[in-house]
Amino acid sequence: VAGGAWWFGWERYTTTPGVLNLDEAAATAELEDSGLQAEAGEPAYSENVAPGLVIATDPEPGGKVLDGGTVTLTLSLGPERYDVPDLLGQTEDQAQDALAATNLAFGESKGRWSETVPEGQVIRTSPKAGTTLKPGASVDLVLSRGRKPIEVKDWTGESFDDASAALEKRGLQVSVTSEEYSDTVDEGDVITQDPPTATLFRGDTVSFVVSLGPE
């Protein structure tokens, strides 16, 4: 009875050797030298252990395993990190879903005028696309408010040169449709304007009829 207890309780078991921080090949060789088999289990992320090295075993080091039994190795994937996806042109909802799918968190949205990106779509992210972050890190979105409106005043009776300089500085085009004599509008001033007042966008045209002064 005592001999059976000794055999079944202790002798047929081997102590699992410590193979932490070894690569798979070295860990396997160490286990085989102890009369054990090795198999790779599911890898896991680790902030401290380089990719490809053993971060845990089952049984753990010092644990009991049957002679000739198998020890499962957990290999490191390295630190868990995710790249900020390219969200240009996506809606806010689409961008939030894409961030969640990469284990990143949505921070906040800010609106900016854009001449090229339609209203409601992502212009850029902060941090920018491709930045590597820890899981759960926040990413802010910059969303387009559409094209910036430009309020145009009525320049009738004022200097055409002043009107032209002011409008071109704001990104508008200026066109002189004709020059006409006028007994009431000084030479070089605006007789009429089209449109007279309006909300325009960059690249739109404002047309003028300019006075030549009295005939």
Side-chain angles (χ1 to χ4, degrees), residues 1-112 114 116-117 120-144:
V1 172
W6 171 77
W7 171 257
F8 287 102
W10 292 279
E11 182 59 20
R12 66 176 184 153
Y13 287 92
T14 298
T15 300
T16 305
V19 294
L20 301 184
N21 292 313
L22 299 180
D23 61 27
E24 185 176 4
T28 299
E30 183 81 16
L31 292 169
E32 289 178 348
D33 287 344
S34 299
L36 301 172
Q37 303 296 316
E39 69 175 9
E42 288 292 324
Y45 292 105
S46 172
E47 292 291 322
N48 304 312
V49 180
L53 302 185
V54 177
I55 57 175
T57 61
D58 183 21
E60 62 185 12
K64 297 295 184 180
V65 60
L66 287 171
D67 288 340
T70 299
V71 176
T72 302
L73 305 177
T74 300
L75 300 176
S76 172
L77 292 171
E80 185 177 7
R81 297 292 185 269
Y82 298 96
D83 291 340
V84 177
D86 184 359
L87 303 176
L88 176 64
Q90 296 190 17
T91 65
E92 185 174 20
D93 287 344
Q94 291 171 335
Q96 290 184 21
D97 290 343
L99 290 173
T102 52
N103 289 324
L104 298 174
F106 166 67
E108 62 178 3
S109 294
K110 298 178 181 179
R112 294 288 186 273
S114 174
T116 57
V117 179
Q121 296 184 7
V122 175
I123 300 174
R124 62 180 180 273
T125 59
S126 179
K128 66 181 181 180
T131 303
T132 303
L133 302 175
K134 291 183 177 181
S138 294
V139 177
D140 297 333
L141 304 177
V142 178
L143 298 174
S144 173

For Leu99 against Pro85, the heavy-atom pair lying closest together: CD2-CD, 4.0 Å
State, to 0.1 Å, how close Pro59 and Val65 come at their nearest heavy-atom pair, and which atoms those are. CG-CB, 4.1 Å
4.5 Å side-chain heavy-atom contact, Val122 and Leu88: no
Could you tell me which non-hydrogen atom of Val84 sits nearest to which non-hydrogen atom of Pro127, and how far apart they are? CG1-O, 3.9 Å
Would Leu75 and Leu53 count as a side-chain contact (heavy atoms from CB on, under 4.5 Å) here? Give the steps. CA-CA 5 Å; Leu75 300 176; Leu53 302 185; over 6 Å; no
Hey, is the main chain of Ser144 close enough, under 3.5 Å, to the side chain of Ser114 for a donor-acceptor pair? no
So OG1 of Thr70 and CD of Glu39: to nearest 0.5 Å the spacing works out to 5.5 Å
Donor-acceptor side-chain pairing of Glu80 and Tyr82 below 3.5 angstrom: yes
How long is the span from the CD1 atom in Ile55 to the CG atom in Leu77, to the nearest 0.5 Å? 7.5 Å
Distance from Leu66 atom CG to Leu36 atom CG, nearest 0.5 Å? 9.5 Å
For the atom pair CG (Leu143) and CD (Glu108), what is the distance rounded to the nearest 0.5 Å? 11.0 Å
For Thr15 and Lys64, what are the C-alpha separation, side-chain angles and deciding distance, and is it a side-chain contact (heavy atoms from CB on, under 4.5 Å)? CA-CA 5 Å; Thr15 300; Lys64 297 295 184 180; 3.6 Å; yes
Step-by-step side-chain contact (heavy atoms from CB on, under 4.5 Å) determination, Gln121 to Gln90: CA-CA 5 Å; Gln121 296 184 7; Gln90 296 190 17; over 6 Å; no
If I compare all heavy atoms of Pro17 with all of Ser34, which pair ends up nearest, and what's the gap? CG-OG, 3.8 Å
Minimum-distance pair of heavy atoms, taken over all atoms of Thr74 and Ala44: CG2-CB, 3.9 Å
Which atom names give the shortest non-hydrogen contact between Arg81 and Thr132, and what distance separates them? CB-CG2, 3.4 Å
Begin with the C-alpha distance, continue with both residues' side-chain angles, and end with the deciding distance and a verdict on side-chain contact (heavy atoms from CB on, under 4.5 Å) for Thr125 and Thr131. CA-CA 10 Å; Thr125 59; Thr131 303; over 6 Å; no
Name the atoms and distances for all side-chain donor-acceptor pairs under 3.5 Å in residues 18-33, with sequence neighbours left out.
{"residue": "Asp23", "atom": "OD1", "partner": "Ala25", "partner atom": "N", "Å": "3.3"}
{"residue": "Asp23", "atom": "OD1", "partner": "Ala26", "partner atom": "N", "Å": "2.7"}
{"residue": "Thr28", "atom": "OG1", "partner": "Glu24", "partner atom": "O", "Å": "2.8"}

For Glu42, look at atom CD and say whether over 12 heavy atoms of other residues, nucleotides or ligands are found less than 6.0 Å away. no
